[in-house]
Amino acid sequence: MASIVGCLPNISLTSITQFPENPKSLILQQCKTPKDLQQVHAHLLKTRRLLDPIITEAVLESAALLLPDTIDYALSIFNHIDKPESSAYNVMIRGLAFKRSPDNALLLFKKMHEKSVQHDKFTFSSVLKACSRMKALREGEQVHALILKSGFKSNEFVENTLIQMYANCGQIGVARHVFDGMPERSIVAWNSMLSGYTKNGLWDEVVKLFRKILELRIEFDDVTMISVLMACGRLANLEIGELIGEYIVSKGLRRNNTLTTSLIDMYAKCGQVDTARKLFDEMDKRDVVAWSAMISGYAQADRCKEALNLFHEMQKGNVYPNEVTMVSVLYSCAMLGAYETGKWVHFYIKKKKMKLTVTLGTQLIDFYAKCGYIDRSVEVFKEMSFKNVFTWTALIQGLANNGEGKMALEFFSSMLENDVKPNDVTFIGVLSACSHACLVDQGRHLFNSMRRDFDIEPRIEHYGCMVDILGRAGFLEEAYQFIDNMPFPPNAVVWRTLLASCRAHKNIEMAEKSLEHITRLEPAHSGDYILLSNTYALVGRVEDAIRVRSLIKEKEIKKIPGCSLIELDGVVHEFFSEDGEHKHSKEIHDALDKMMKQIKRLGYVPNTDDARLEAEEESKETSVSHHSEKLAIAYGLIRTSPRTTIRISKNLRMCRDCHNATKFISQVFERMIIVRDRNRFHHFKDGLCSCNDYW
DNA sequence: ATAGGGTTAG
């Protein structure tokens, strides 16, 4: 018994023989480890004190509720009790309900019922908690019926668990019915209802109920605010969000970290990332959740570079990321094409044996796919033990965008074989797979099966995919008819899709018509005029091409500057086409000149048509050679080792000249070059591109 | 003895 001294610091070795008369609080408070408990248990057995139900229940409570991983120990003690009283059952049911074996809690409840042991409010709330965790609606309903049948007097604890159980089982209406029928409601009841709405994504209802709380002047607490802030974030309801923000300040609650984290998240989701950052900087202790919230705030605001910077700062601050943090970090890497950083994150996840949750795995798949490494996506997919519709969809979309249309469709088939129900987004992926792989009939078939076989109503995006499938394959007239027969008015995106096909198939008439439709719906982007202009240029109507291009200036349409990113040693470098002359160093320009000279020697001819269209006032060649991707590739060539792959991501479509030049570069410099443009991937190798010059 | 809470994806 020597070691018990260390565990029970108030008792000396001799005093163990004088075990306290009533050792209940000693058992509950002093047993810090399973070992402590075992020794106390042994002592109680030896001294036959275990016959006292009060003492036994204290041991049970310690084993079933307070200590980790001792639930089996608790069960073995419980099973030795001759005729357990209801309080002993209650402790066990509650312990089982909390300790990940809610099914056993239910079984024990059943046993209790069979043995006619009286159940009470404690039994009911514990067993309902178990039902809630298991999403066992049927059993929950049975318990509810039993509560009503046994003439049980209303009790707020039980009613609150009923609300929780019904909400967790998706029966939010029943939950509300229970709530409405309560004779008295503390703030916990209101909070239970709010959290029920939250779990079901009914954000509007959260705000509605909170307005009621305000109206009735019910005093709310931090738990209330956390639910409501969550809803405000999802709804971008800054009005209520700020109201709570001011309340928090006025009540001096800023030191409540959980609350402040919710506030940060709300501001970030409402587009006020800088306000969120200010709150974040003012926190006196930032835990991993606060960091994760702020990082995801930047990522959602499309400020991924800042997200990654903050991630690096987090590591300097010795806060360890968890799988939630990594989801936002990988999302940012995917957006930026920051392959090295993302690869390191994957390595870190493995090294730290982080749980590969469905969300994290799905994000890894998306990350690799967006960096052009679709094989790695497939690997991750195969390693995952749990996959959901998001996982399958990410893989299918990744395959489609990387030109693996056929494989995407194969995975779609095996998704169905695995009884995973596709959703509307899955079909976007599947249809774009058909589009990239030029599988017209397959596309038609899948589009028609959406409503018929899967009960999914095609949205305008799906119609857009169909237009793309038809248009790419050259069925422009059919695509036009298809748009005409849509059940809703076409938007600019649909016409833009057709316009792109018109360029590919050199159909002037329909290109003109498409642009007309676009301008009728919204002010056209500069890219639309460029597509039409390119179409004219392709059929030799250079004057028209120039005329259309000049419209961009005349109409003062803002041009989106082309921007290419390349990541080197974990740092993302940005190159812009517009300010190429001024911003970049001599080193880069020298590299660019050298690169252009070398590919010309091998037969590259700059496309002066495009150059002429682009900027008549500048010398033709200079203009085109300064597209951002050429700068980024030139920089990549001098900064990376020979024969390694160069990866670029770009915010616009690649132009034909850059596409052509990159093919030459891949050959001359013996480099694999992967360019992710706005729409798809181009894998350049040995002078050829994976898109077969069709994009 | 019991009830309600923050960050994550296609």
Side-chain angles (χ1 to χ4, degrees), chain A residues 24 28 57-58 60-61 64-66 86-88 90-91 93-95 97-98 120-129 132 155-165 167 185-196 198-199 220-230 233 256-266 268-269 286-297 299-300 321-331 334 357-367 369-370 387-398 422-429:
Chain A
K24 191 174 155 183
L28 292 175
E57 274 165 34
L60 273 186
E61 192 180 338
L65 289 165
L66 300 177
S86 90
S87 49
N90 286 349
V91 169
I93 293 174
R94 203 153 73 84
F98 276 90
D120 56 16
K121 54 189 178 180
F122 302 112
T123 331
F124 288 138
S125 46
S126 302
V127 75
L128 284 170
K129 175 105 193 162
S132 168
N155 168 276
E156 210 197 311
F157 287 84
V158 176
E159 282 157 335
N160 288 338
T161 342
L162 271 172
I163 291 174
Q164 203 201 338
M165 184 276 292
R185 298 181 203 105
S186 72
I187 189 61
V188 180
W190 291 87
N191 290 344
S192 300
M193 200 58 231
L194 287 172
S195 123
T198 297
K199 280 181 194 132
F220 54 87
D221 64 7
D222 47 346
V223 181
T224 323
M225 290 188 272
I226 286 163
S227 289
V228 179
L229 284 171
M230 235 170 114
N256 179 330
N257 274 351
T258 309
L259 195 50
T260 304
T261 302
S262 302
L263 198 57
I264 287 170
D265 184 55
M266 182 279 295
K269 285 198 168 67
R286 289 174 282 265
D287 65 1
V288 58
V289 181
W291 282 95
S292 304
M294 197 60 235
I295 290 171
S296 101
Q300 288 169 65
N322 63 17
E323 67 268 12
V324 178
T325 325
M326 292 315 202
V327 172
S328 298
V329 173
L330 282 168
Y331 171 86
T357 57
V358 181
T359 315
L360 184 57
T362 303
Q363 194 53 63
L364 268 171
I365 290 171
D366 190 54
F367 158 73
K370 288 219 166 79
K387 307 172 177 97
N388 63 13
V389 58
F390 287 78
T391 319
W392 288 90
T393 303
L395 184 69
I396 289 168
Q397 266 190 342
N423 63 20
D424 50 341
V425 187
T426 318
F427 274 98
I428 304 265

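Proteins get letters first, then strands, A, B, ... in listed order; numbering begins at 1 in each.
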Whether the side chain of [X] and the base of [N] hold a donor-acceptor pair under 3.5 Å is what I'd like checked.
X        : N     : result
A:Asn257 : B:dG6 : no
A:Asp222 : B:dG4 : no
A:Thr261 : B:dG6 : yes

Any base atoms under 4.0 Å from [X], or only sugar-phosphate, or nothing? Heavy atoms, all strands.
X        : answer
A:Ser227 : nothing
A:Lys129 : sugar-phosphate
A:Asp287 : base
A:Ser262 : sugar-phosphate
A:Glu156 : base
A:Phe98  : sugar-phosphate
A:Ser192 : sugar-phosphate
A:Asn90  : base
A:Lys199 : sugar-phosphate

Just to confirm, is there a sub-4.0 Å distance from OP1 or OP2 of [N] to any side-chain nitrogen or oxygen of [X]?
X        : N     : result
A:Gln300 : B:dT7 : no
A:Lys269 : B:dT8 : yes
A:Thr258 : B:dG5 : no
A:Gln164 : B:dG4 : yes
A:Ser296 : B:dT8 : yes

Distance alone, cut at 3.5 Å: any donor-acceptor contact between the side chains of [X] and [Y]?
X        : Y        : value
A:Glu159 : A:Asn155 : no
A:Asn90  : A:Asp120 : yes
A:Thr325 : A:Ser292 : yes
A:Ser195 : A:Ser227 : no

Nearest to side-chain heavy atoms of [X], which nucleotide of [options]:
X        : options             : answer
A:Asp221 : B:dT8, B:dA9, B:dG4 : B:dG4
A:Ile226 : B:dT2, B:dG6, B:dA9 : B:dG6
A:Gln363 : B:dA1, B:dT8, B:dA9 : B:dA9
A:Val324 : B:dA1, B:dA9, B:dT8 : B:dT8
A:Ser292 : B:dA9, B:dT7, B:dG4 : B:dT7
A:Val223 : B:dG5, B:dA3, B:dA9 : B:dG5

To the nearest Å, give me how far apart [atom1] ([X]) and [atom2] ([N]) are.
X        : N     : atom1 : atom2 : answer
A:Leu330 : B:dT8 : CG    : C1'   : 11 Å
A:Leu229 : B:dT7 : CG    : P     : 10 Å
A:Leu162 : B:dG4 : CG    : P     : 13 Å
A:Asn155 : B:dG4 : CG    : P     : 14 Å
A:Asp265 : B:dT7 : CG    : P     : 5 Å
A:Met230 : B:dG5 : CE    : P     : 10 Å
A:Glu323 : B:dA9 : CD    : P     : 14 Å
A:Leu128 : B:dG4 : CG    : P     : 12 Å

According to side chain to side chain contact (heavy atoms under 4.5 Å, CB included), who are the partners of A:Thr261, at least two apart in sequence or on a separate chain?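 Here the qualifying residues are A:Met283, A:Val289, A:Ala290, A:Ala293.
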Nearest 0.5 angstrom please: A:Thr393 OG1 to A:Gln397 CD, how far? 7.0 Å
According to ring-ring contact (aromatic ring centres under 6.0 Å, His included), who are the partners of A:Tyr331, at least two apart in sequence or on a separate chain?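 Scan of A:Tyr331 (ring-ring contact (aromatic ring centres under 6.0 Å, His included), adjacent residues dropped) gives none.
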Planes under 30° and centres closer than 5.5 Å, is that true for A:Phe122 with the base of B:dA1? yes
